[in-house]
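Here the structure is laid out as structure tokens; the discussion comes afterwards.
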Amino acid sequence: MNEFFRIFIIPGGLLLLFMLLALVRLILGPTTPDRVVALDTINTLVVAGMVLVGAAYEEVIYIDVAIVYALLSYIGTLYVAKYLEERPKK
Amino acid sequence: MIDFFITFILSLIAYLFLTASAGEIAGLWSIFEVVLGIVLSVIVSFMATRVLFQKRSYRMLNPARWIIFLIYLIGPFFWAMIKANIDVAYRVITGKINPGIVKISPELKTDLGITLLANSITLTPGTLSVDIDEETNDLYIHWINVTTLKPTTADICGTFPQWVRRIAE
Amino acid sequence: MGILLIVLYIFLTIGIIFNCLGSIGLLRFPDVYTRLHASTKNTTFGSIFTCLAVIIFSFYQLHLTQDSKFLVLALHTFIALVCLLVTNPTGAHAISRAAHRSGVMPKQAVIDQLKEAKLK
Amino acid sequence: MKKIVFGIAFILFFSFMLVSAINMRPFGEPTFSEMDDYFIKNAQSEVGANNVVTSIVFDYRGFDTLGEATVLFTTISGIIALFRRVNK
Amino acid sequence: MIGNFPYVTVAVSIGCGLYILMFQKNLIKLAIGINLIESGINLFLITLGYRKGGVAPIYTQAPAGKAMVLPTPQALTLTSIVIGVATSALVLSMAMMIYKHYGTIEVDKARRLRG
Amino acid sequence: MKLMDHIPALIIAVPLLAAFLSPVVGKINKKVVGILAALALGFSLIFTIILAVKILSVGPQVYVFGAKSPSLTLPSGLKFPIRIIFQIDAMGIFMGLITALVSFLGAVYSLAFIDKNNGIDKYYSLLLLLAVSMFGMELTGDIFNFFVFLEIASMASVSLICYKGTERGEPVEAGFKYMVVSSISALMVLFAIGIFYGEYDVLNMAALASVIKYSQLDKIALGILVPVLAMKAGAVPMHMWTPDAYSEAPAPITMILVAASQASLYALFRVVFSLYNITLNTLVVGWIIIIFGLLSMFIGVTMAIIQKDIKRLMAYHAISQTGYMLLGVGVGLAVLANPIALPEYGITAMEGGIFHIMNHALYKGLLFLTAGALFYRTGTRDLDKMGGLAHSMKYTTIFFIIGAAAIAGLPPFNGFASKLLIYESVYRFNPLLSIIAMVVSILTLASFVKVFHSAFLGPQLPQFKEVKEVPQSMVLTMAVLSCLIIFFGLFPDLIVKNLVHPAVMSLIEQFKYTGIVLGGR
Amino acid sequence: MSSFVEIIHLATLTIIIIAAFLTVVFKKLLLAVIASSVVSLLLSLEFYLLHAPDVAIAEAAIGAGLTMAIFIFAIRGTR
Amino acid sequence: MKEMSKIVKNITKLVYGFIIIFGFYVIVHGHLTPGGGFQGGAVVASAFALLLISYGQLEAKKLLKVDIFSLLESCGLTAFIVIAFLGLGTTFFYNFLANSGGWFGNAVTPGINPGDMNTAGVLPLMNMAVGLEVFAGLGIIVLLMAEGAEYTNKEGEHRNDR
Amino acid sequence: MLGLLETGSGFWNALIWVIVVLLIGAIVYYIRNKGEQGYKKNTEQDKPFISGNPESSKEGSHVSASHIYWGFTEALRGYYNPLVKMHTGNLNDYSGWIVIIMALVLILVGVSG
């Protein structure tokens with residue numbers, strides 16, 4: 001195990017474990033926006049975790065995945081938000 | 001034409017930033033890479049110029065504004081962000097909240113300015129921009145700790161509007 | 001090396017703590033807007049620090065080994081960080097606006113000027 | 001009645017899936033890897049690409065990729081044909 | 001410690017997809033079910049190619065002295081993912097057309113062809 | 001000659017190129033697209049015939065994509081092939097001939113049948129892609145490549161079924177149903193491929209056949225592959241998509257869809273015979289296939305009798321005829337491990353079943369085309385509303401009689417020859433099966449008498465006074481099919497000896513199939 | 001240390017399983033779509049952890065952006 | 001489909017070009033870094049989806065034309081199959097440029113290296129062709145489904161008539 | 001010989017069949033020609049009768065498709081009712097049957113060993 005792995009794997013892993021907390025909100029969330037917020041939080045955590053895990057594996061090319069993830073999860077969020085915005089009120 | 005050129009330069013910079021590695025040119029890029037980058041940037045400019053320059057405003061081309069932006073980012077913005085996070089952390093732990101949605105009129109003219117301000121507000125103390133009035137550029141802000149019912153702009157975002165005005169107007 | 005390691009550990013610890021607080025805040029707060037406060041601010045802030053840790057460490061390694069891959073690591077991490085900084089608050093804004101328009105009102109709100117204004 | 005029959009069949013099938021999942025070779029330890037070792041060893045010299053996956057996708061199994069692009073083309077043709085307005 | 005848990009995930013994912021296809025009545029839900037089976041199978045293929053302690057099969061600036069995971073399943077999964085998005089696009093546009101003509105997307109009601 | 005070596009690739013590549021170009025051509029001129037498609041498929045037909053002659057005289061062919069030479073299957077020092085290989089033996093080229101013929105005729109028939117609205121270029125490119133995917137399924141020797149082509153086939157056929165969906169809802173509904181079931185089947189095939197890959201790290205079918213052990217996981221793969229491929233072929237009780245899809249598609253497409261479901265039938269035989277062969281428990285799997293066949297025959301034909309929609313009736317007959325093929329080949333499989341019974345009647349039964357595939361494609365194609373001709377002139381598919389059409393559509397009537405006689409197994413048409421082979425050999429296996437097959441044949445005749453009576457006979461109805469004969473190209477297509485039917489009926493021995501028997505032997509003898517790729521072992 | 005990687009695997013897979021169940025359970029279509037998007041995003045992370053970055057990019061791009069988009073178009077179209 | 005708020009639109013303006021250039025980077029570096037035609041194409045198509053969602057349909061239709069995309073898609077596929085045909089001197093899909101010394105023909109140093117763009121024979125060309133096809137194709141899917149959603153839902157039935 | 005198809009327990013030759021049919025046809029034609037030819041066209045002799053009654057009008061005599069084989073389906077009502085009910089056109093059933101058959105085949109293959 002090299003230096004990188006030793007330092008970065010535990011923070012990365014912890015970040016990914018915090019997803020479980022967000023998942024609870026995804027299950028409980030009384031309204032739809034709550035669940036979207038949980039999704040957004042999961043995405044942020046995953047991006048940060050991906051950067052750390054990539055650094056831990058000492059694979060520089062892995063960071064590209066994190067960039068794609070950060071850019072595109074945002075689009076998904078926007079789509080849901082747009083749908084919620086246009087939904088006819090009951 | 002100048003729009004096209006600016007887009008070209010920006011995308012070339014982004015491309016070169018992405019592909020920096022070992023090579024002949026400045027020890028970072030190979031020649032082939034740069035040539036390919038120029039070709040791709042031309043294509044991207046064809047696709048993105050009409051999106052990036054819908055309104056023909058070249059105000060952001062002034063390098064002085066970029067420096068102010070960097071100073072803003074590192075100085076007041078970052079400091080406010082630290083404050084914000086400690087504040088939210090305190091609220092997470094204690095659970096003391098007193099929320100409400102209030103309206104402020106920062107009186108910014110440009111779209112870029114209002115965008116910058118809104119995103120800054122979202123990342124700073126106890127505030128979250130909920131909605132925007134498209135005509136008058138008024139921001140509706142969710143404030144986690146309402147102290148006054150009729151807040152001024154300074155109550156909520158401190159010196160940000162001045163900074164933003166300096167950067168974007 | 002010693003100072004660097006300490007800085008690194010501090011940065012990583014800050015990152016983890018704030019991410020953790022963000023997740024807990026997501027659970028603890030009563031309604032969408034306050035949850036957005038917690039999740040957006042804290043997770044973004046935490047991610048900045050973890051990314052900064054990676055960048056600092058890779059610059060140090062670059063200085064040490066002169067291997068170009070650490071430069072790539074630093075640059076790409078920086079780009080990821082910028083993407084996160086640009087997209088996260090915008091996403092939060094979009095969600096909160098959508099939530100308000102779809103009829104989810106803030107709980108325990110002392111004032112709601114947006115509802116009074118009734119945009120469209 | 002119908003639902004009960006379907007339910008029983010579903011449970012049976014699902015249990016078969018679980019059995020096959022447990023009977024699979026252990027996670028992370030491939031028993032045979034002759035073909036893949038060939039790819040890993042020879043992709044750089046034969047194709048000249050650093051990325052072994054891309055060299056498989058476009059060279060060793062390039063015909064699959066043609067098929068895959070064709071699938072996308074087929075779908076798009078189908079969707080255009082589905083949403084076209086008939087001019088009379 | 002991890003055992004065959006990835007394979008179990010695959011089985012559960014495929015099972016959930018099949019459950020949706022068998023018991024739920026919304027056409028768009030059926031598309032989600034197909035997507036779920038698709039994800040399960042993609043995970044299955046990638047899991048087959050994993051080798052403990054391996055790194056990605058890319059030589060560009062890879063860490064030295066490590067084995068590489070098997071590349072073929074990754075190529076196959078790439079194909080399968082694109083096929084999956086094509087499938088869901090076609091299924092969903094057909095569901096929209098059915099709604100246009102029939103005014104419903106319930107499986108029980110959209111069945112003029114029978115007997 | 002250099003080009004001769006590349007024919008297997010060209011069969012696929014030429015129609016594919018035409019399919020990719022047809023949207024561009026369609027922008028320029030709409031009328032040219034159809035001719036382009038027919039031309040490309042004509043090239044394919046010619047190439048297929050050349051290849052068939054070569055294979056039947058020289059032996060099975062291989063084509064390795066991207067290798068240093070087209071026949072270099074094994075790079076030095078390897079036991080298994082690493083590239084995608086087309087391995088074409090007699091069975092594959094037999095199916096390829098059917099596909100080439102049927103799709104070419106379908107394209108020609110479409111020239112007049114499909115009205116020239118703004119979707120015409122998409123129609124032809126989808127038709128070409130459907131033909132390509134069928135060729136791919138039949139010629140390929142790589143199991144994952146087979147999956148890709150299966151997926152193209154289902155996409156293209158669904159899009160074509162929905163082609164009329166802009167005006168009515170029923171085609172879209174049929175397409176949706178077909179899409180859901182076919183994507184389930186395709187995904188399950190992919191699952192089985194994953195199991196094979198995980199166990200043996202091999203994707204080539206011949207290499208897989210040489211190492212397969214029939215372990216626990218292989219059994220599960222078999223248990224997934226057999227029902228799923230039988231479903232794509234339209235076996236009862238998973239046949240419900242068939243009448244929907246066949247009845248709502250445009251007529252030439254229905255004809256090609258029959259060939260497409262036979263391609264999945266071919267894949268089923270390939271899996272059972274070439275991949276597993278005698279490692280599996282032949283009696284059980286054989287009986288499973290026989291039972292599929294019996295149920296298909298009987299339920300298909302009884303459901304057909306009560307139908308009122310002409311194409312739906314024919315679709316149920318398609319199910320019923322698929323039952324014959326399954327029955328014949330299933331008997332062959334059940335006695336595969338038995339060295340006495342196999343040459344005595346097993347091979348004959350399989351010859352009957354496989355000859356029936358070609359016959360079925362011909363006469364069912366002809367019948368669907370006549371149904372399309374009726375629809376083209378009358379605008380309805382409801383038998384209750386038709387009547388007296390023999391007065392105005394003479395050629396169509398004659399073609400319909402030929403097709404109906406062939407499907408009912410009346411001598412001297414081709415249906416009789418293949419059914420006779422099945423009856424006699426199956427009688428030696430189990431008399432009951434043979435009797436059921438004959439009863440089904442009688443019921444088939446009965447239901448076609450009904451169609452003939454209600455559509456063609458009777459006085460000329462007033463609403464059909466203006467009806468004329470269909471255009472030239474449609475008549476030509478139907479005439480070609482009728483001539484083939486009569487030819488096959490009069491000289492069945494030519495076909496059976498030269499095409500069907502080698503196909504059956506290539507299925508039975510697994511070592512030949514593996515030997516093409518791995519070198520005679 | 002490497003057992004920690006296994007814990008990450010387990011957590012990711014557990015979330016995938018739970019989200020798959022949620023997809024079945026949720027009756028509202030939008031929620032089911034959100035849950036399936038969680039499955040797809042977490043699948044991308046799992047691919048990343050299994051050292052398949054090519055597939056992870058494809059899954060992130062298609063699962064996060066495009067599948068969500070077309071599903072939401074479909075829900076809008078059938079309203 | 002209406003437009004979204006001003007903030008989202010402005011951010012879209014900035015991010016749109018970056019996503020496209022990043023997608024192109026993923027496409028052309030397919031043989032060096034993770035990525036390739038499909039992934040990059042999907043990323044670029046996501047940029048179109050972003051434009052569509054934040055600017056609304058009317059605005060986006062001025063910028064993105066289905067006809068042009070359809071043409072590009074055919075071009076990409078045709079280029080792909082033509083490259084495959086060019087190898088027909090040896091076999092279909094033969095990599096005739098690899099290790100030839102010319103364009104994209106440098107021999108690669110075996111083992112771990114920083115990556116040279118000018119390698120891998122026809123792979124980069126195929127990547128570009130497939131990337132063109134995929135981004136045009138997925139763009140068409142997104143555009144058409146957005147239009148179809150307006151066409152099929154109940155409110156849009158009378159309003160939207162091309 | 002051309003057209004000779006060995007079927008395992010016999011043979012089939014379509015040409016011989018055609019020749020036989022032609023022969024029989026010739027015989028029949030010959031016998032038919034032997035019959036009386038003394039009727040005149042367009043008279044009472046030429047008119048068709050059904051059971052001694054004059055033929056009814058042509059439009060009324062056409063039996064529409066759903067009435068053909070009415071007796072057959074009526075007699076087999078017990079078989080047809082469940083069968084038609086099985087073809088619901090419900091998409092859940094389609095996928096359900098596939099799963100049922102897959103489970104059955106898996107059991108059969110698994111048990112048989």
Side-chain angles (χ1 to χ4, degrees), chain F residues 2-28 33 36 40 47 62-73 75 82-86 118-119 121-122 125 128-129 132 136 139-140 142 145 152 155 159 162 165-166 169 172, chain H residues 31 37-38 65-100 120-123 125-127 129-130 132-134 136-141 143-145 147-149 151-154 157 161-162:
Chain F
K2 197 79 189 299
L3 196 64
M4 279 296 282
D5 294 339
H6 298 298
I7 279 182
L10 287 178
I11 288 177
I12 298 232
V14 169
L16 205 53
L17 190 59
F20 294 157
L21 284 177
S22 69
V24 181
V25 175
K27 284 249 160 40
I28 300 162
V33 187
L36 176 74
F47 287 144
V62 289
Y63 190 88
V64 188
F65 284 93
K68 292 213 170 59
S69 108
S71 55
L72 181 74
T73 53
I82 51 163
R83 291 173 185 271
I84 291 176
I85 297 177
F86 267 15
N118 52 4
D121 51 337
K122 301 293 172 220
S125 84
L128 285 164
L129 289 170
V132 164
L139 305 187
T140 189
D142 191 281
N145 203 335
I152 300 175
M155 297 274 180
S159 310
C162 298
T166 45
V172 190
Chain H
H31 57 291
F38 293 105
K65 298 270 193 308
V66 173
D67 288 347
I68 294 173
F69 277 165
S70 184
L71 204 67
L72 283 179
E73 192 204 359
S74 281
C75 285
L77 271 172
T78 315
F80 187 41
I81 201 169
V82 163
I83 293 169
F85 262 116
L86 287 179
L88 209 57
T90 23
T91 44
F92 202 57
F93 270 104
Y94 181 69
N95 193 342
F96 58 96
L97 282 178
N99 299 330
S100 66
V122 296
L123 259 64
L125 296 176
M126 280 185 174
N127 262 329
V130 171
L132 189 63
E133 191 259 340
V134 170
L138 292 177
I140 291 177
I141 287 183
L143 283 175
L144 275 183
M145 287 194 70
E147 198 176 304
Y151 170 64
T152 55
N153 77 15
K154 280 211 171 111
E157 205 163 25
D161 218 17
R162 256 199 211 187

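Just so it is clear: chains get the letters A, B, ... in the order the sequence lines come, proteins before strands, and each one is counted from 1.
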Verify, without hydrogens or angle tests, whether H/Ser74 (side chain) and F/Phe20 (backbone) share a donor-acceptor contact under 3.5 angstrom.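 Yes, because the side chain of H/Ser74 sits within donor-acceptor range (under 3.5 Å) of the backbone of F/Phe20.
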Roughly how far apart are H/Phe85 CZ and F/Leu10 CG, rounded to 0.5 Å?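 If I round to the nearest 0.5 Å, the distance is 6.0 Å.
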For H/Leu71, which atoms come within 4.5 Å of any heavy atom of chain F: side chain, backbone, both, or neither?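 For H/Leu71, the contact with chain F is made by the side chain alone.
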What part of F/Ala9 gets closer than 4.5 Å to chain H, counting heavy atoms only: side chain, backbone, both or neither?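 Side chain only.
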Within-4.5 Å side-chain heavy-atom neighbours: H/Ser70 and F/Lys27: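 They are in side-chain contact.
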